[in-house]
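Here's the structure we're looking at; comments come further down.
Side chains are part of it too, since the values below use all heavy atoms of this structure and drop only hydrogens, waters and symmetry mates. Numbers for residues simply follow the sequence, beginning at 1.
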Amino acid sequence: MSLFRKKSLSQLLATAADSEKGLKRTLGAVNLVALGIGAIIGAGLFVRTAAAAGQAAGPAVTISFIVAAVGCAFAGLCYAEFASMIPIAGSAYAYSYVTMGELIAWIIGWALIMEYALGAATVSIAWSEYLNKLLGGSIPYEWCHSPFESFTDSAGIAHKGLINAPALLILLLLTLLLIKGTQESAFVNAIIVFIKVAIVLIFIFVGWKFIKPENYVPYLIPEHTPPVLDSAGKEIVNYSGVFKHGWGGVLGGAAIVFFAFIGFDAVSTAAQEAKNPKRDMPIGILGSLVVCTILYILFGHVLTGVAHWQDFVDPEKGREASVAYAITAYMPGYGWLATAVTVAILAGFSSVILVMLMGQSRIFYTMSNDGLIPKAFGVLHPKFKTPYKANIILFVFVGLFAAFVPGHVAGDLTSFGTLFAFVLVSIGVWIMRIKNPEIPRSFKTPLVPLVPILGALICTGMIAAIDLTTLKVAIGWMAVGLIVYFTYSRKNSMLNEPGHSPAEILPNAKDFN
């Protein structure tokens, strides 16, 4: 029994064409673009921009955005070809199953849990923090922090977290929305997207006149920049590493802000719910990526022009709530905008969590149908036609993480999982062009194999720029996944059954949408 046995493309297309048993096709091109923007603009833009500027890139964070966007663009072109050719839920997992075999598909499916499930938990914890800021800190520390977090206030009173209740609440509400239906979820997401994009544009236009050109000098962080210390003399940030200053810092910044681009690939997880996937999927993936890249570059330029990049590592200035800090400290008369930005951040976080939960449940749905995880993950609601059991199980898993584990634990694991998926998707398109050139492709990645090679190389470079601790944890997570595969998934795979032989070919595959 080969570890690299492949799933038949015709079987995938047949599954996608079975509208009676499958997911409902309710999403158009506009819904898909909004879905992508909903996932992309959130924690990444409002939090990671300042972090990348303060920790690695300085004002050149705009170039970091360009580097990350180029890597995403190459991968996005590959995703667009796959999504139009294989319009089925499962994203990179499903594509890898066809091109590189079951073991690789399992590895990427397991890695995507780091992107979607852990990403949703991490963002829900951030949502809790910003909600408390908006409410003036009225939520007791004990009820919005994990048991592993503690704090001593200015009066000398010690506080210890019990449970992060707001994070659990937002996860529950969004899970119920997803169970109700994809179309309803997409409608709510579209409203949120409108609100947060409007706030981003207002900040760009209003903030432009407060830009100080001297904040851009020097544009790159100098090599011998001294470390940043807190009031007790503890080192906060050190700029001595190769990815912490100069052009290396730009690449290091790209690895940090890459989190801001996570989301456009989530569009591909909804391929089985697109009305016309051959036309709409490329529009949704590439359209959302282009819109957000333009906004990111402008946003980063204004933010580092309004406030000096070193403010964003100072715990007494803009290390937290950096955008609101920049407005309050350097844009007099616009205090209302700081409040509006906080509201936009909450809205942005909500849509990111929504799309991440949706993406993960669709990947679980597909993996369940393949027999690699229990059948419960693939059960559809009899009325709403959504994978409601997968949503419920996912809520329990993500909710436990969000309620009882500190947000920093996930760290850059989300970026690692996404970058790893991008590398395999880029390679997969090249493999499919060589082995299956006859398959109809309504959208073709240009300049193959150059674009897939560049996509894989740039994303691998950004993986190398992730901190060593995160890489070690990621490797440990992947090791656990291999144990699960060899003890459960391999022997329960649908490919073990005669009727699901990887060699089976179904007729008229080109006729499926």
So how far is it from [X] [atom1] to [Y] [atom2], rounded to the nearest 0.5 Å?
X	Y	atom1	atom2	answer
Thr386	Leu177	OG1	CG	10.0 Å
Leu162	Phe404	CG	CZ	9.0 Å
Asn164	Ile170	CG	CD1	12.0 Å
Leu298	Trp208	CG	CH2	6.0 Å
Ile125	Leu168	CD1	CG	11.0 Å
Gln55	Ile221	CD	CD1	9.5 Å

Kindly give the heavy-atom pair with the smallest separation between [X] and [Y], and that separation in Å.
X	Y	answer
Leu174	Leu354	CD1-N, 3.9 Å
Val257	Ala52	CG1-CB, 3.3 Å
Gly300	Thr62	C-CG2, 3.9 Å
Ile108	Ala421	CD1-CA, 3.1 Å
Leu171	Gly399	CD1-CA, 3.8 Å
Ala338	Thr328	CB-OG1, 3.9 Å

[X] side chain vs [Y] backbone, donor-acceptor pair below 3.5 Å:
X	Y	answer
Ser128	Ser124	no
His381	Tyr388	no
His308	Thr304	no
Lys160	Pro147	yes
Tyr216	His301	yes
Ser426	Ala75	no

Between [Y] and [X], is there a side-chain heavy-atom distance shorter than 4.5 Å?
X	Y	result
Val313	Tyr239	yes
Leu471	Ile463	yes
Val61	Trp309	no
Pro166	Ile139	yes
Asn215	Ile211	no
Ser64	Ile256	no
Ile199	Val343	no
Val398	Met356	no

Have a look at [X] and tell me which of [options] forms a side chain to side chain contact (heavy atoms under 4.5 Å, CB included) with it.
X	options	answer
Val341	Ile202, Val200, Val323	Val323
Ile458	Leu251, Val70, Leu419	Val70
Phe377	Ile393, Ile363, Thr366	Ile393

Start with the C-alpha gap between Met331 and Leu337, add the side-chain angles, then the distance that decides, and say whether side-chain contact (heavy atoms from CB on, under 4.5 Å) holds. CA-CA 9 Å; Met331 296 170 57; Leu337 184 57; 4.0 Å; yes

Contacts of Trp477 meeting ring-ring contact (aromatic ring centres under 6.0 Å, His included) (sequence neighbours excluded), chain-then-number -> Trp110

Please evaluate residues Ile113 and Gln360 with respect to the criterion side-chain contact (heavy atoms from CB on, under 4.5 Å), reporting the C-alpha separation (whole Å), side-chain torsions for both, the decisive distance (0.1 Å), and the verdict. CA-CA 7 Å; Ile113 296 175; Gln360 184 65 70; 3.9 Å; yes

How are the rings of Phe416 and Phe420 set relative to one another: parallel (under 30°), tilted (30 to 60°) or perpendicular (over 60°)? parallel

From CA spacing to verdict: side-chain contact (heavy atoms from CB on, under 4.5 Å), Phe395, Leu176: CA-CA 10 Å; Phe395 165 70; Leu176 293 175; over 6 Å; no

Sole residue of Phe65, Phe205, Phe203 in ring pair (Phe, Tyr, Trp, His ring centres under 6.0 Å) with Phe299: Phe203

Aromatic ring proximity Phe74/Phe422, centre distance under 6.0 Å: no

Centre-to-centre under 6.0 Å for Phe210 and Tyr334, is that the case here? yes

